[in-house]
Amino acid sequence: MYPLTTISEIGRHESKDVRLEGWLYNLRESGKLLFPIFRDGSGVIQGVVAKNAVRPEVFETIKNLTQESSVKIEGRVRADKRAPGGYELDVSGVEVLHRVAESDPFPISLKEHGVDFLMEHRHLWVRSPRQAAILRVRAQIIKAARDFFDERGFTLTDPPILTPAACEGTTTLFPVDYFDEQAYLTQSGQLYIEATAMSLGKVYSFGPTFRAEKSKTRRHLTEFWMVEPELAFATLDDIMNLAEGLIAFIVARCLEHRRADLTTIGRDLSALEQITPPFPRITYDQAVKMLEDGHARGVLETKFVWGGDLGSPDETYLSTQFTKPVMIHRYPAQVKAFYMEPDPVRSELALCVDMLAPEGYGEIIGGSQRVASYELLQQRIKEHGLPEEAFKWYLDLRKYGSVPHGGFGMGIERVVGWICGLEHVRETIPFPRTLHRLYP
RNA sequence: UCCUCAGUAGCUCAAUGGCAGAGCAUCCGGCUGUUAACCGGAGGGUUGUAGGUUCGAGUCCUACCUGAGGAGCCA
């Protein structure tokens with residue numbers, strides 16, 4: 001029996017006979033020549049079957065194969081300049097594991113499809129080369145983020161997914177019946193990793209997050225994944241340096257390990273190659289000036305007034321003004337979460353930062369230095385109308401050796417969407433959950 | 001919750017208020033280098049649902065259903 005290999009490794013077997021296990025991606029034929037294209041999860045390769053070069057049953061079997069039928073293939077690897085991957089396979093043998101019935105063909109053809117149809121068939125759509133490439137980039141981004149923190153002395157601490165109350169009290173949560181008690185799916189692990197940061201110093205969490213907001217945009221999922229680092233003895237500058245380092249590290253890793261996939265997806269690599277530190281940092285005040293300028297030039301419809309949060313068109317505008325991710329820091333405290341530390345110089349500002357990805361992708365990171373004072377935090381909880389009882393444990397963290405600390409959250413799907421250059425985050429996760437989609 | 005748009009063959013889309021069509025997919029035939037292959041042929045329809053206007057509705061009107069894009073909110 002010939003050695004088993006994968007399509008991505010097939011170059012090592014040039015001029016040798018090998019076996020492959022995979023699926024038929026497409027079949028072209030030209031009289032007595034067949035061009036079956038196989039995929040095996042690692043890549044795609046074209047086979048060549050000449051009628052006068054193989055046993056009749058091999059030719060007939062491949063001629064009658066249907067799209068996505070599963071097969072074991074034998075053949076000789078041949079370098080060919082015409083092949084996109086550099087190699088072709090001169091097929092000598094085939095074993096059909098499962099032949100797709102022509103009465104019920106694979107629904108996703110090589111032609112164009114609509115969003116609704118593709119989402120309804122997401123379980124099959126993930127087989128397409130482009131979607132597989134995106135999922136490989138996603139995996140690389142996650143690995144890079146974890147390596148980044150692991151290599152810098154952070155400890156992974158997983159916060160609970162079932163929580164008793166809102167973390168921030170702003171967004172809508174998914175309620176869950178917890179043995180006749182009201183529980184919610186977590187919207188952030190931050191409050192919990194503030195606790196573990198006081199134990200381990202530098203921690204991070206990586207897990208799913210749930211928001212029941214009725215958002216219908218290219219940037220929103222109801223279930224998404226976040227990486228959240230939290231550092232004891234950290235200031236806003238430390239947070240911004242860490243965020244900058246993380247994003248630069250992730251982009252470099254993708255360019256190093258997933259270049260072929262990014263090319264498959266059609267990403268402009270030169271835009272990613274510019275993503276090196278330092279990233280521009282501007283204050284909220286400076287951002288407001290830029291927005292006023294944008295309005296004066298007629299690019300932005302509505303005039304921005306100091307004191308409000310940045311709207312979606314505002315963020316898009318700002319992010320198109322830079323070729324690197326831009327960090328906007330020190331927003332008015334009134335539009336930000338209750339746990340953010342006020343700026344000691346101007347107490348009406350919060351020590352917070354949002355990082356906006358370039359090319360109009362918008363917010364990918366949101367972070368802040370946290371309130372360290374027990375009295376101030378208690379006051380903020382009251383001001384925001386939050387139930388103090390639910391935050392008793394959180395207040396405890398300021399009672400026993402409180403220190404300046406902070407962290408940020410990075411939305412995995414938005415980073416994947418930006419790095420891959422996608423139109424919508426629904427393609428960045430194997431099975432997206434959106435406002436109107438719970439299937440498959 | 002609000003605004004905008006869409007729903008016709010398995011898929012992607014056409015069709016001035018006047019016979020419901022094309023490409024792809026499937027099936028049959030042709031082609032020894034095809035690249036979303038190409039060429040010839042065949043089958044395939046309750047035009048999202050309900051009502052209304054009209055001699056006549058895929059097309060116009062009303063309501064509803066489903067989905068998409070955006071706002072707000074957020075990562």
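Side chains included, hydrogens not; waters and symmetry mates left out as well; all remaining heavy atoms used. Reminder, nothing fancy here: chain letters follow the sequence lines and each chain counts from 1.
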Using atom names, set out every protein N or O paired with an N or O of nucleotides 20-27 of chain B below 3.5 Å, distance rounded to 0.1 Å.
from: B:rC27; atom 1: OP1; to: A:Glu102; atom 2: OE1; distance (Å): 3.3

Tabulated below should be each protein N or O lying under 3.5 Å from an N or O of nucleotides 63-66 of chain B; please produce it.
none

Identify, residue by residue, the members of residues 353-370 of chain A with a heavy atom below 4.0 Å from RNA chain B, and return them in order of residue number, or none.
A:Glu363, A:Ile364, A:Ile365, A:Gly366
Closest to the side chain of A:Glu213, out of B:rG67, B:rG70, B:rC73, is B:rC73
Would you tell me if any nitrogen or oxygen in the side chain of A:Arg130 comes within less than 4.0 Å of OP1 or OP2 on B:rA36?
no
Check nucleotides 1-9 of chain B against the protein and report each pair of N or O atoms closer than 3.5 Å, with its distance, or say if there are none.
from: B:rU1; atom 1: O4; to: A:Lys214; atom 2: O; distance (Å): 3.1

Between residues 17-37 of chain A and RNA chain B, which residues have a heavy-atom gap below 4.0 Å?
A:Asn26, A:Arg28, A:Glu29, A:Ser30, A:Gly31, A:Lys32, A:Leu33, A:Phe35
Would you say A:Glu423 has more than 12 foreign heavy atoms packed within less than 6.0 Å of its CD?
no
Which nucleotide wins on minimum distance to the side chain of A:Asp80, given the candidates B:rG33, B:rA36, B:rG70?
B:rG33
In terms of the nearest nucleotide of RNA chain B, which residue is placed more toward the 5' end: A:Met410 or A:Lys63?
A:Lys63
Measure from the side-chain heavy atoms of A:Thr217 and tell me the nearest of B:rC74, B:rA71, B:rU34.
B:rA71
Mind checking what makes ring pair (Phe, Tyr, Trp, His ring centres under 6.0 Å) contact with A:Phe154, not counting sequence neighbours?
A:Phe149
Would you give me the side-chain donor-acceptor pairs under 3.5 Å for residues 99-113 of chain A, sequence neighbours excluded?
from: A:Arg99; atom 1: NE; to: A:Asn64; atom 2: O; distance (Å): 2.9
from: A:Arg99; atom 1: NH1; to: A:Glu102; atom 2: OE2; distance (Å): 3.4
from: A:Arg99; atom 1: NH2; to: A:Asn64; atom 2: O; distance (Å): 3.0
from: A:Arg99; atom 1: NH2; to: A:Glu102; atom 2: OE1; distance (Å): 2.8
from: A:Ser109; atom 1: OG; to: A:Lys111; atom 2: N; distance (Å): 3.2
from: A:Ser109; atom 1: OG; to: A:His113; atom 2: NE2; distance (Å): 3.2
from: A:His113; atom 1: NE2; to: A:Ser109; atom 2: N; distance (Å): 3.0
from: A:His113; atom 1: NE2; to: A:Ser109; atom 2: O; distance (Å): 3.4

Is a side-chain donor or acceptor of A:Arg138 paired with a backbone partner of A:Glu413 at a separation under 3.5 angstrom?
no
Selection: residues 412-426 of chain A, any non-hydrogen atom under 4.0 Å of RNA chain B:
A:Arg414, A:His424, A:Arg426
Polar atom pairs between nucleotides 43-47 of chain B and protein, under 3.5 Å, N or O only, would you list them?
none

Which pairs, with at least one residue in residues 51-90 of chain A and sequence neighbours excluded, count as a ring-ring contact (aromatic ring centres under 6.0 Å, His included)?
none
Identify, with sequence neighbours excluded, every residue that meets ring pair (Phe, Tyr, Trp, His ring centres under 6.0 Å) alongside A:Phe249.
A:Phe148
Give, ordered by number, those residues of residues 242-250 of chain A having at least one heavy-atom distance below 4.0 Å to an atom of RNA chain B; if nothing qualifies, reply none.
none
